[in-house]
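One structure below.
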Protein chains: 2
Amino acid sequence: MAPPTPTFSPLYQQIKSLILRALEAGEWAPGQTIPSEQELAVRFGVSQGTVRKAIDELAAENILLRRQGKGTFVSSHHDPRALFRFLRLVPLNGGAAQPVSVPLECWRARAGQEASKNLQVAMGSPLTIIRRLLKFDVKPVVVDEIYLPGEMFQGLTLEVLQDWEGSLYSLFESRFGLRMIRASERVRAVAAERAVAEMLGVAEHSPLLSVERVAYTYADKPVEWRRGLYSTADHFYLNELN
Amino acid sequence: MAPPTPTFSPLYQQIKSLILRALEAGEWAPGQTIPSEQELAVRFGVSQGTVRKAIDELAAENILLRRQGKGTFVSSHHDPRALFRFLRLVPLNGGAAQPVSVPLECWRARAGQEASKNLQVAMGSPLTIIRRLLKFDVKPVVVDEIYLPGEMFQGLTLEVLQDWEGSLYSLFESRFGLRMIRASERVRAVAAERAVAEMLGVAEHSPLLSVERVAYTYADKPVEWRRGLYSTADHFYLNELN
DNA sequence: TAGTGGTCTAGACCACAAA
DNA sequence: TTGTGGTCTAGACCACTAC
């Protein structure tokens, strides 16, 4: 006897995949609308309700953004609301909530063991590395070291970074067509080494938050690995558990 | 001219509220099934689809749990899967993933300014305070100090805590009928004071994670405030950003 | 006024679990 | 076999936005 089909995939999941593939292929640009539910229903040969359920899930994953009366939009890191989706840092007592990125260095290197594991690239493959400061209201709060697969970020230089107004991810989106969809962070407490302590204006050996992040684009492909050292003298890392 | 009705609440939201109210009133016990969608549809006088959408949202909030073919269950902290919903601590290199709670002290006090603010109770109102250790595989990793509104936790003693096998929240659920629905955590890095350093087996002034949590039950009512100090020598705090 | 997403319904059928 | 949740459809109507 043949086994009963072990793989059952609901129609709306298949539609979801098709929409994702279209997004991945750049068929609709970030910030722009996708076709209406009715149009997509015709295109895919299913009912509007099925398209709706597919879009519902993509909206829940922050990949699409629905706006009643206007349409469904491809979400974009240009949207200022998108910033704090990935930066969970909040001032302790009021203070400036808008951070400013200050690029310090940008250079090329080759992937070591750790980078190769986190970015799922071969050992020795080219990397682009960024070091930068995050300031809240003139005050430095975070030092980041950011590892990127070199092939995907051709032409990324310190000048490009310095000329950019806005978040890193919005630069990645505009300049390199890479959209970060989700990320995973590992948080630990570490003692500040001297160089970092100086940059953040804290005493050597002060406790800092070490935040290691791997960020993924479509199809769960990792495209960024970063390590941030956060001074939590005036800020905290906020996490909502649901 | 009268303004056009500024308050529009979809039917399914109203149904959702009704279900929440029933849960709050204890009409269905944690771990047990609620009536079928069809039954609820009849009870509330709406279509099954409307009940479904209400339940969908409650399931997304981890308040209900759907199981195809079996029914819809009231989620419970007895479910072992529920543990890591609130404890985001993961071993660095394998190691025991199941923590053991070791209650150290349990005493009464009166709410100071901070407790009063976090628990939304009056200054001077009675509190129950717990101090406990969390061990992974014999090794102490977390020291917690937990502040609870005294009225809601009558009869909570060190003996009760020591006799309980399982998580704190499952005790709260069984013994005091209080279910934690969501929580908000503020994470910072701090230096270990001597007493804490000794308990965790680390050097004085070692960097630790300070995790302050306010946990809420139905209707966003805060019922627990705790501060944990985490040793991140062998563990890290994991956070998924979506 | 037209077009979008949002809600609600009724009904058919499928997948899964338990008896 | 029965009962549960899960999927899919078709159609009506509502709320919001823009023209």
Side-chain angles (χ1 to χ4, degrees), chain A residues 1-19 22-23 28-29 31-76 79, chain B residues 1-19 22-23 28-29 31-76 79:
Chain A
M1 286 256 237
T5 13
T7 51
F8 163 69
S9 177
L11 239 192
Y12 75 88
Q13 287 287 0
Q14 302 175 36
I15 303 303
K16 188 181 165 189
S17 296
L18 290 174
I19 296 175
L23 284 166
W28 311 301
Q32 299 307 113
T33 67
I34 69 172
S36 74
E37 296 179 350
Q38 203 43 258
E39 286 175 277
L40 289 173
V42 171
R43 163 164 166 180
F44 296 131
V46 299
S47 79
Q48 189 191 4
T50 300
V51 170
R52 166 169 291 273
K53 180 141 189 179
I55 292 179
D56 276 345
E57 292 208 349
L58 292 167
E61 295 168 28
N62 291 306
I63 291 172
L64 295 178
L65 185 63
R66 324 191 70 149
R67 283 198 253 170
Q68 188 176 99
K70 302 182 80 169
T72 300
F73 296 74
V74 182
S75 58
S76 163
D79 185 334
Chain B
M1 286 258 235
T5 15
T7 51
F8 163 69
S9 177
L11 239 191
Y12 76 88
Q13 287 287 1
Q14 302 174 36
I15 303 303
K16 188 181 165 188
S17 297
L18 291 174
I19 296 175
L23 284 167
W28 311 302
Q32 298 308 113
T33 67
I34 68 173
S36 74
E37 296 179 350
Q38 203 44 258
E39 286 175 278
L40 290 173
V42 170
R43 164 165 165 181
F44 296 130
V46 299
S47 80
Q48 188 191 4
T50 301
V51 170
R52 166 169 291 273
K53 181 142 188 179
I55 292 180
D56 275 346
E57 292 209 349
L58 292 167
E61 296 167 27
N62 291 305
I63 290 172
L64 294 178
L65 184 64
R66 325 190 70 149
R67 283 199 252 168
Q68 187 176 94
K70 302 181 81 170
T72 300
F73 296 74
V74 181
S75 57
S76 163
D79 185 335

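- When every heavy atom of A/A22 is checked against every heavy atom of A/R43, the shortest pair comes out as CB-NH2, 4.5 Å.
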Treat primed atoms plus P, OP1 and OP2 as sugar-phosphate and everything else as base, then score nucleotides 6-13 of chain D 5' to 3': B for base contact with protein heavy atoms under 4.0 Å, S for sugar-phosphate contact only, - for none.
BBSBS---
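- For B/E57, the side chain to side chain contact (heavy atoms under 4.5 Å, CB included) test picks out B/Y12, B/Q13, B/K16, B/E61, with sequence neighbours left out.
- In terms of the side chain to side chain contact (heavy atoms under 4.5 Å, CB included) criterion, residue partners of B/S76 (sequence neighbours excluded) are, by chain and number, B/P30, B/H78, B/E173.
- Phosphate proximity of D/dG3 to B/K70: absent, as no side-chain N or O sits under 4.0 Å from OP1 or OP2.
- Not counting sequence neighbours, the partners of A/D56 by the side chain to side chain contact (heavy atoms under 4.5 Å, CB included) test are A/R52, A/R66.
- Stem analysis of DNA chain C (at least three stacked-register Watson-Crick or G-U pairs, each with both distances under 3.5 Å) gives C:1-18 with D:1-18.
- When every heavy atom of A/L64 is checked against every heavy atom of A/S75, the shortest pair comes out as N-OG, 4.1 Å.
- Distance CG (B/L64) to P (D/dT4): 16 Å, rounded to an integer number of Å.
- Contact annotation: the side chain of B/W28 approaches that of B/L23 to within less than 4.5 Å [non-hydrogen atoms, C-beta and beyond].
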Go through the steps to decide whether B/I55 and B/L40 satisfy the test side-chain contact (heavy atoms from CB on, under 4.5 Å), and finish with yes or no.
CA-CA 10 Å; B/I55 292 180; B/L40 290 173; 4.1 Å; yes
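- The side chain to side chain contact (heavy atoms under 4.5 Å, CB included) search around A/E39 returns A/P35, A/S36, not counting sequence neighbours.
- B/T33 comes within 4.0 angstrom of no nucleic acid atom, judged by non-hydrogen atoms across all strands.
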